2 protein chains.
Amino acid sequence: MGVVDRHPGGRPTLEQVARRAGVGRGTVSRVINGSPRVSDRTRTAVLRAVTELGYVPNRAARALAAGSTDAIALVVPEPETRLFAEPYFSGVLRGVSSELADTDMQLLLTLVRDQRERDRLAQFVAARRVDGVLLVSVHHDDPLPDLLERYDMPAVLNGRRSGAESVPYVDSDNSGGAALAVAHLAARGRRTIATITGPLDMYVAQCRLEGYRDALRAAGHRPADTLVAHGDFTERGGHRAMRELLARAPALDAVFCASDLMAAGARAALREADRKVPDDVALVGFDDSAMARQMDPPLTTVRQPIEEMGRTMARVLLDQIRERSAERPHVVLPTELVRRGSA
Amino acid sequence: MGVVDRHPGGRPTLEQVARRAGVGRGTVSRVINGSPRVSDRTRTAVLRAVTELGYVPNRAARALAAGSTDAIALVVPEPETRLFAEPYFSGVLRGVSSELADTDMQLLLTLVRDQRERDRLAQFVAARRVDGVLLVSVHHDDPLPDLLERYDMPAVLNGRRSGAESVPYVDSDNSGGAALAVAHLAARGRRTIATITGPLDMYVAQCRLEGYRDALRAAGHRPADTLVAHGDFTERGGHRAMRELLARAPALDAVFCASDLMAAGARAALREADRKVPDDVALVGFDDSAMARQMDPPLTTVRQPIEEMGRTMARVLLDQIRERSAERPHVVLPTELVRRGSA
DNA sequence: ATCACACATGGGAGCGCTCCCAACCCGGTT
DNA sequence: AACCGGGTTGGGAGCGCTCCCATGTGTGAT
């Protein structure tokens, strides 16, 4: 440790470092912040003083003087936390954090549960208490992105609200992933491939449905509305939708579910209807959530590069913060099919 | 919103509020911070000015002047994140965040993966860039708590390193929970109850083993070493341990696993050995993780009041910060048995 | 009416830093 | 020899707040 054994309270200041190095405050500041306009001799001397004193810049003072906070917020609408379930959120978090590790940005976590907390966040943004915002899992009608834009606060979304999203975002290739899944089913000789969609007011659900249709057409099948049932990304919804499909199209031999959770519900419904998975009906999910591996048989599913998404989000946001003029990138990361027993 | 529509950059300051209210800076400060030494008339006037201008205190300035940061850090050792899996972490997070919601403390998230990040955290603490630290899932040999103590940084642990933990902590009743599980098995007439422990260098694993033994004795059984196999809280470890048990004690008719993950592994081993759950062998886990509900049959398990733990941790930490002299509480929250199909 | 005292209030000093301008130094020009 | 320009350096000003002391202001006791 070494660097840190100073008595609490007696933390050295810029001034003291300057005195010890026999230079002025400005020079120390320049060294600390890596300005090139410092001679090597001076720089060395300053750095030695810094080490000797165990100097660590006072962030509050810096923030006050420079008007920046060196912090970004990761905003998570609460309902989503529950829904998107575990691995997703913590994966993103891991990615973000790892990308931030060698910046000295700090990560501020904000769960937004209700209107009150929403207001607090708005105030937070207005007060510019962070340099940027990462927004996880936005809803199509979420006012937050607009708020951020209005306040000219650098922001990056995880996912997008629509095909015409203006705020920079990092998304995974939902339609591509769905297509992968359905193509796989078709390639395995499945003839009647149904789908259980998410709530279609969410763009991600639209994309997955679109991918399903594309792949169907590409494989020479004809998409039929009877084969499309609507779920809401929940287990119960998947169960209901599966029963609906079974009633409408008893001959189906494959189902692509737009989420693993719905696949779990569907699986239960199939069991109740005495259909074997995968012999009678092949099943594919989406998300590669923890439960996929636990299902019986283990669920074939589509995996998103979650951690990579987190990393990318952080990277894009840092760029935005560094130069406000930077282009506002829209990144779509590829998904992959994870083959397990259910298809 | 109202409160916040000020042009970015033109954020009003204390000074401006003071001018508008026709009072001095000190008075405004007093009102903002709820000092009682202000007349009602003045207070009202100030508050009106605050609202009219949409004033929000500048945190950096406040931190600089007052020497406090109004932020606490939630520190998560990375390996644990993966291990302790999803619902645990996000549950704690939810609890902490909800408790913080009407404070205006902000929550800083710090994943600590490697030595470098560990050092950075040490520096962080030394620099007093937070007012307190919440430490999730400490290891018995974790140096962090000692570091925090040395720097006189208020801290609360989630779990404890040993029975003689000195740092304030919030834990769940692990031995009690284990005892609950085992008592349930005994009450259902199981005769030969085995256990798969966690790594015994973790206090939590010791507690669960102890609870197992206590309950066994209480039910009139005699604990036998042949019925104890050691896992490492992973699925694979659970699998291995179950095979070991099956070899050593083929007649066993129940297993208490110190984690759901290990129970999943054990369940697979039982399937391979053609033992039916729960008919041949009853299975109980610990954690009530997401997968418990997904298992076949659904896993009977012990639930910890995770969110409540998070809330309590935050509350205790805030107390510590408010008055450093406060007693250093050790809180143990009760666990409960969740009965599902596996036992 | 006078004094003492409590309470309310204004505003200077200073927290530790960045920004920026003026001063300085040096070698090369004219 | 006087001058110039670039690179380096010192330090004043100020970021927005809290702390605290000095200054009012009004009340009740004398």
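Lettering follows sequence order; numbering is per chain, from 1. If you're wondering where the values come from, they're calculated on a predicted model, not measured in any experiment.
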In plain terms, say whether B:Arg328 and B:Glu165 are close enough for a salt bridge, that is, a side-chain N and a carboxylate O under 4.0 Å apart. no

Passing candidate, side-chain contact (heavy atoms from CB on, under 4.5 Å) with A:Met313, options A:Leu135, A:Ile72, A:Val156, A:Leu318: A:Val156

Starting from P on D:dC17, measure out to OH on B:Tyr55 and report it in whole angstrom. 3 Å

Begin from the C-alpha positions of A:Ser162 and A:His140 and carry the test side-chain contact (heavy atoms from CB on, under 4.5 Å) through to its verdict. CA-CA 7 Å; A:Ser162 75; A:His140 76 117; over 6 Å; no

How long is the line joining CD1 of A:Ile32 and C1' of C:dG16, in whole Å? 12 Å

Can you tell which of D:dT8, C:dC17, D:dT18 lies closest to the side chain of B:Ala65? D:dT18

Electrostatic pair B:Arg120-A:Asp102, nearest N-O below 4.0 angstrom: no

B:Thr13 side chain N/O closer than 4.0 Å to the phosphate oxygens (OP1, OP2) of D:dC15? no

For B:Arg59 and D:dG16, give me the distance from atom CZ to atom C1', rounded to whole Å. 14 Å

5'-most contact on DNA chain D (nearest-nucleotide basis), B:Gly26 vs B:Ala60, goes to B:Ala60

Side-chain N,O (B:Thr27) to OP1/OP2 (C:dG10) below 4.0 Å: yes

What's the CD-P distance between A:Glu15 and D:dG11, to the nearest Å? 9 Å

Give the nucleotide from the list C:dT9, D:dT9, C:dG12 with an atom nearest to the side chain of B:Ser39. C:dT9

Go through C:dA8, D:dT18, D:dG14 for me and flag the one nearest to the B:Leu14 side chain. D:dT18

Rounded to whole Å, the CZ-C1' distance (B:Arg19 to D:dG16) equals 13 Å

Residue met sooner reading DNA chain C from 5', once B:Gly22 and B:Ala66 are mapped to nucleotides: B:Gly22

Please check this pair: side chain of A:Asp142 against backbone of A:Val138, looking for a donor-acceptor N/O pair closer than 3.5 Å. no

Rounded to whole Å, how long is the line connecting atom CG of A:Leu64 with atom P of D:dT18? 12 Å

If I take atom CD in residue B:Gln16 and atom P in nucleotide D:dC17, what distance separates them, rounded to the nearest angstrom? 9 Å

Whole-Å gap separating C1' (D:dG16) and CZ (B:Arg11): 10 Å

Please evaluate the base of C:dG10 for a donor-acceptor partner in the side chain of B:Arg30 within a cut-off of under 3.5 Å? yes

Consider the side chain of A:Asn58, meaning its heavy atoms from C-beta on, and name the nucleotide among D:dT18, C:dT18, C:dG16 that approaches it most closely. C:dG16

Phosphate oxygens OP1/OP2 of D:dG11: is one of them under 4.0 Å from a side-chain N or O of A:Arg25? no

Under 4.0 Å: is that the gap between some side-chain N or O of B:Ser29 and OP1 or OP2 of D:dC19? no

